[in-house]
Amino acid sequence: MCARYAFRKVSVVLDDLGVAPLPGLEPRDNILPRQNVPVILASDGELIVQELRWGLIPPWAKDESFGDKAINARSESLRDKPSFRQALARKRCIIPATGFYEWKGQKGNKQPFLISSGLYDGFAMAGLYEDWVGSSGIRSTAIITVPANETVSTLHNRMPALLPRNRWRDWLSPDLPQAEALSLLIPDEDHDLRLMPHNRELLLGSPQKSEQRGLF
DNA sequence: CCAGACGTTGTT
DNA sequence: GTCTGG
DNA sequence: CCAGACGTTGTT
DNA sequence: GTCTGG
């Protein structure tokens with residue numbers, strides 16, 4: 001699963017795609033569902049960054065609480081799920097991250113680990129987004145998950161889909177056929193992932209307290 | 001047909 | 001125990 | 001994921 | 001809107 005992640009630097013993702021970061025983008029160590037998170041998507045033939053709410057709310061949802069149960073989307077079933085099918089075809093995005101967290105141990109005594117790339121400055125998590133036309137018109141996003149690769153499977157059986165670096169633009173292209181898009185959602189083999197025990201305190205309490213400044 | 005769900009993970 | 005909010 | 005709440009009525 | 005369960 002991926003229910004927490006970090007975005008500490010602008011990272012290779014934005015640089016490689018030539019996307020300018022949003023003004024005022026801060027490093028964040030403890031990103032939670034329901035927060036607004038920076039996401040890269042195609043808009044009128046251009047790649048842009050937008051802050052979307054984490055937890056996907058389909059257009060037909062009755063209320064925004066739907067997003068609470070759609071923070072992840074299983075790659076294996078995207079095609080069949082009413083909540084994700086439209087987005088898979090037309091609304092793919094990249095969620096840039098410098099790491100994600102997984103926990104190990106018994107409930108109440110879990111040790112968090114930060115998983116990050118040993119090769120790059122960050123990675124591109126595959127995501128979907130949707131527009132919900134409620135009173136405020138929320139655009140929201142979900143992180144796609146795949147079976148964990150060998151490294152991560154020591155902690156958990158799922159992990160976010162990390163897109164191959166040379167396919168980032170393909171994933172974001174509205175013209176990419178659905179079948180090809182799905183073929184990009186494979187367990188990571190490219191990032192040489194590293195696991196580091198992480199200070200539990202930094203993931204507790206208010207998110208603001210675990211943030212640090214001046215790292216961009 | 002209508003009514004109701006539409007999701008994932010983890011844990012047992 | 002289970003749901004909600006963050 | 002974890003932390004924290006989990007309820008209603010009536011009165012101010 | 002679309003699928004599933006009854």
Side-chain angles (χ1 to χ4, degrees), chain A residues 1-8 26 28-38 51-93 95 97-116 125-134 136-149 152-162 178 182 185 187 195-211:
Chain A
M1 183 188 197
C2 183
R4 298 278 179 110
Y5 73 94
F7 183 61
R8 294 180 60 86
E26 297 278 330
R28 296 161 69 182
D29 273 325
N30 187 18
I31 296 176
L32 317 174
R34 298 176 69 127
Q35 290 182 340
N36 289 327
V37 301
E51 295 230 298
L52 309 192
R53 174 159 153 173
W54 185 8
L56 188 139
I57 310 167
W60 39 260
K62 287 190 180 62
D63 64 82
E64 58 191 81
S65 72
F66 191 100
D68 293 345
K69 56 188 179 183
I71 64 174
N72 293 147
R74 290 179 67 91
S75 61
E76 298 93 327
S77 53
L78 292 182
R79 264 179 314 193
D80 308 321
K81 299 294 183 180
S83 299
F84 302 132
R85 194 177 167 190
Q86 288 296 114
L88 172 65
R90 309 192 46 80
K91 293 183 173 179
R92 297 182 295 269
C93 63
I95 299 146
T98 53
F100 62 91
Y101 299 100
E102 301 289 358
W103 279 255
K104 190 185 183 69
Q106 295 298 307
K107 187 175 65 174
N109 187 30
K110 289 191 175 183
Q111 168 67 52
F113 289 81
L114 173 68
I115 297 98
S116 56
M125 299 192 291
L128 303 174
Y129 69 93
E130 267 297 0
D131 290 300
W132 181 66
V133 187
S136 47
I138 297 172
R139 177 169 279 185
S140 57
T141 187
I143 296 172
I144 298 172
T145 65
V146 295
N149 70 2
V152 176
S153 65
T154 61
L155 299 173
H156 282 287
N157 62 343
R158 306 289 299 178
M159 65 182 285
L162 306 182
Q178 176 180 279
L182 284 171
L185 304 176
L195 280 49
M196 288 290 294
H198 192 79
N199 187 343
R200 186 183 153 88
E201 296 300 313
L202 292 177
L203 300 181
L204 303 179
S206 77
Q208 289 72 25
K209 283 183 178 171
S210 61
E211 307 295 336

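Residue numbers begin at 1 in each chain, while the letters A, B, ... track the order of the sequences.
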Could you state the [atom1]-[atom2] distance from [X] to [N], rounded to the nearest angstrom?
| X | N | atom1 | atom2 | result |
| --- | --- | --- | --- | --- |
| A:Met159 | B:dT9 | CE | C1' | 16 Å |
| A:Glu130 | B:dC6 | CD | C1' | 13 Å |
| A:Asn109 | D:dA3 | CG | P | 11 Å |
| A:Leu203 | D:dC1 | CG | C1' | 9 Å |
| A:His198 | D:dC2 | NE2 | P | 14 Å |
| A:Arg74 | B:dG10 | CZ | C1' | 12 Å |
| A:Trp60 | B:dG4 | CH2 | C1' | 11 Å |
| A:Asp68 | D:dC2 | CG | P | 17 Å |

Is the shortest heavy-atom distance from the side chain of [X] to the side chain of [Y] under 4.5 Å?
| X | Y | answer |
| --- | --- | --- |
| A:Trp54 | A:Ile95 | no |
| A:Pro197 | A:Phe113 | yes |
| A:Pro38 | A:Arg28 | yes |
| A:Glu130 | A:Arg139 | no |
| A:Asn30 | A:Leu202 | no |
| A:Ser140 | A:Trp132 | no |
| A:Leu155 | A:Ile115 | yes |
| A:Asp131 | A:Lys91 | yes |

Taking OP1 and OP2 of [N], is either one under 4.0 Å from a side-chain nitrogen or oxygen of [X]?
| X | N | value |
| --- | --- | --- |
| A:Thr145 | B:dT9 | yes |
| A:Ser83 | B:dA5 | no |
| A:His156 | B:dG10 | yes |
| A:Asn157 | B:dG10 | yes |

Measure from the side-chain heavy atoms of [X] and tell me the nearest of [options].
| X | options | value |
| --- | --- | --- |
| A:Lys69 | B:dT9, B:dC6, B:dG10 | B:dC6 |
| A:Arg4 | D:dC1, B:dT8, B:dG7 | D:dC1 |
| A:Ala3 | B:dT8, D:dC1, B:dC6 | D:dC1 |
| A:Lys110 | B:dT9, D:dC2, B:dC6 | D:dC2 |
| A:Trp103 | B:dC6, B:dT8, D:dC2 | D:dC2 |
| A:Pro82 | B:dT9, B:dT11, B:dG7 | B:dG7 |
| A:Asn72 | B:dC6, D:dC1, B:dT8 | B:dT8 |

Would you measure the distance from the [atom1] atom in [N] across to the matching atom in [M] and give it in whole Å?
| N | M | atom1 | value |
| --- | --- | --- | --- |
| B:dT11 | D:dC2 | P | 8 Å |
| C:dT2 | B:dT9 | C1' | 15 Å |
| B:dT8 | D:dG4 | P | 28 Å |
| B:dG10 | C:dC3 | C1' | 15 Å |

Between A:Arg74, A:Glu76, A:Arg158, A:His156, which is the residue that forms a side chain to side chain donor-acceptor pair (under 3.5 Å) with A:Thr145?
->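 Of all the options given, the one that passes is A:Arg158.
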Quick one: closest heavy-atom pair of A:Leu185 and A:Ala126, and the distance?
->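 Nearest pair, atom of A:Leu185 first, then A:Ala126: CD2-CB, 3.6 Å.
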All stems that DNA chain E takes part in, i.e. 3 or more consecutive Watson-Crick or G-U pairs with distances under 3.5 Å, are B:1-6 with E:1-6
Classify the nucleic acid contact of [X] as base, sugar-phosphate or nothing, counting any heavy atom under 4.0 Å across all strands shown.
| X | value |
| --- | --- |
| A:Pro58 | nothing |
| A:Ala73 | sugar-phosphate |
| A:Arg200 | sugar-phosphate |

Range on DNA chain E touched by chain A, heavy atoms, distance below 4.0 Å = E:dG1 to E:dC3
Indicate whether A:Phe66 forms a stack on B:dC6; treat it as stacked only if centroid distance is below 5.5 angstrom and interplanar angle below 30 degrees.
->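 Whether judged by distance or by angle, A:Phe66 falls short somewhere, so it does not stack on the base of B:dC6.
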Salt-bridged, A:Arg8 to A:Asp29, with N to O below 4.0 Å?
-> yes
